[in-house]
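The structure presented is a predicted model; accordingly, all values stated were derived computationally and were not measured.
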Amino acid sequence: MDHQFKDANLSYLYYFPSFDYLHLRLKNNVEFTLAAVEEDYAIISELKKEKNIYVLIDLRDISFEHIPKEVMSYLANNPKRVYQIKLAIIADSLSHKLLGNFYLSIFKPETKTKVFKNVKDAFKWFDFKDQEVKLNELNNALQYNG
């Protein structure tokens with residue numbers, strides 16, 4: 001199956017149109033600004049068009065001091081969120097889990113959102129058919145474009 005890859009401002013984007021899935025691997029040592037987030041959303045919109053998608057944001061590679069409140073608020077309630085079926089956040093360290101839970105409790109995203117330790121658990125929550133096949137496809141894409 002084919003995927004599309006984009007190197008965006010804040011993340012590496014992997015879009016799998018065959019199962020309506022967008023995987024974002026956040027970049028380390030980038031400045032999270034509202035303008036950068038809006039530019040990444042424009043790239044995502046160009047990729048997926050008007051299609052509703054499952055979204056996974058992988059926080060595991062980032063180290064950060066501060067993500068501005070306006071960025072978190074925009075992520076939770078921007079106009080493009082209506083195209084998100086479900087949003088999974090991958091966080092395996094304590095600081096990333098705290099960030100994910102802070103985001104959920106303070107900004108209360110309108111999209112169904114959960115924090116997971118790994119992609120496999122997120123795929124179960126997405127209720128994908130042929131999960132192992134899709135996980136292999138994702139792993140191949142991450143290795144090829146990583």
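- Not one N or O on the side chain of D130 forms a donor-acceptor pair closer than 3.5 Å with the backbone of V133.
- Of the residues listed (Y41, Y103, F32), the one engaging Y74 in a ring-ring contact (aromatic ring centres under 6.0 Å, His included) is Y41, and it is the only one.
- Contact between N9 and A36 at its shortest, heavy atoms only, is ND2-O, 3.7 Å.
- For K51 (side chain) and P17 (main-chain N/O), a donor-acceptor pair under 3.5 Å exists by modelled atom type.
- Ring orientation note: the planes of Y54 and F126 are tilted relative to one another, at an angle of 30° to 60°.
- Ring-plane geometry between F116 and W125 is classed as tilted, the angle between the planes lying from 30 to 60 degrees on a 0 to 90 degree scale.
- With hydrogens and angles disregarded, no donor-acceptor distance shorter than 3.5 Å links the side chain of Q143 to the backbone of N140.
- The backbone N or O of I43 sits nowhere less than 3.5 Å from a side-chain atom of S45 that would complete a donor-acceptor pair.
- The cationic atom of K134 (NZ for Lys, CZ for Arg) does not lie both less than 6.0 Å from the six-membered ring centre of F16 and within 45° of the ring axis.
- Note that CD1 of I44 and NZ of K6 are 12.0 Å apart. Values are rounded to the nearest 0.5 Å.
- The heavy-atom pair separating K120 from L135 by the smallest distance is CG-CD1, 3.8 Å.
- Side-chain atoms of N118 and I90, non-hydrogen and from C-beta on, never get closer than 4.5 Å to each other.
- Summarising the geometry, atom OG belonging to S11 is positioned 9.5 Å from atom NE2 belonging to H23; distances are rounded to the nearest 0.5 Å.
- Counting heavy atoms from C-beta on, the side chains of D20 and N52 never come closer than 4.5 Å.
- For Y21 and Y15, the distance between ring centers is not under 6.0 angstrom.
- Using the six-membered ring where Trp is involved, F5 and Y14 have ring planes that are tilted, between 30° and 60° apart.
- Between the D58 side chain and the L24 main chain, no donor and acceptor come within less than 3.5 Å of each other.
- Residues Q131 and K124 are in side-chain contact: their nearest non-hydrogen atoms beyond the backbone lie under 4.5 Å apart.
- Here the OG1-CD1 distance, from T111 to I85, works out to 10.0 Å after rounding to the nearest 0.5 Å.
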task = Please lay out, stage by stage, how D2 and S18 fare under the test side-chain contact (heavy atoms from CB on, under 4.5 Å).
result = CA-CA 8 Å; D2 290 330; S18 61; over 6 Å; no
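- E132 contributes atom CD, which lies 13.0 Å from atom CD of E137 (distance to the nearest 0.5 angstrom).
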request  = Could you walk me through whether K114 and I89 pass the side-chain contact (heavy atoms from CB on, under 4.5 Å) test, one step at a time?
outcome  = CA-CA 6 Å; K114 284 183 81 172; I89 299 171; over 6 Å; no
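- Within the 4.5 Å cutoff, the side chain of L10 has heavy atoms near those of the V37 side chain.
- For the pair F123/L138, a side-chain contact is recorded, criterion being any heavy-atom separation below 4.5 Å from C-beta on.
- Here the straight-line distance linking atom NE2 of H3 with atom CG of L22 works out to 11.5 Å at 0.5 Å rounding.
- Crowding of Q4 atom CD: a count of heavy atoms from other residues, nucleotides or ligands under 6.0 Å exceeding 12.
- The NZ atom of K86 sits 14.5 Å away from the CD1 atom of I53 when rounded to the nearest 0.5 Å.
- Contact check on D61 versus R25 returns a salt bridge, with a Lys/Arg side-chain nitrogen under 4.0 Å from an Asp/Glu carboxylate oxygen.
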inquiry  = Please evaluate residues N28 and V30 with respect to the criterion side-chain contact (heavy atoms from CB on, under 4.5 Å), reporting the C-alpha separation (whole Å), side-chain torsions for both, the decisive distance (0.1 Å), and the verdict.
reply    = CA-CA 6 Å; N28 193 7; V30 294; over 6 Å; no
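- A salt bridge is absent between K97 and D92; no separation between the charged side-chain nitrogens and carboxylate oxygens falls under 4.0 Å.
- Between L87 and K112 the shortest side-chain heavy-atom distance does not fall below 4.5 Å.
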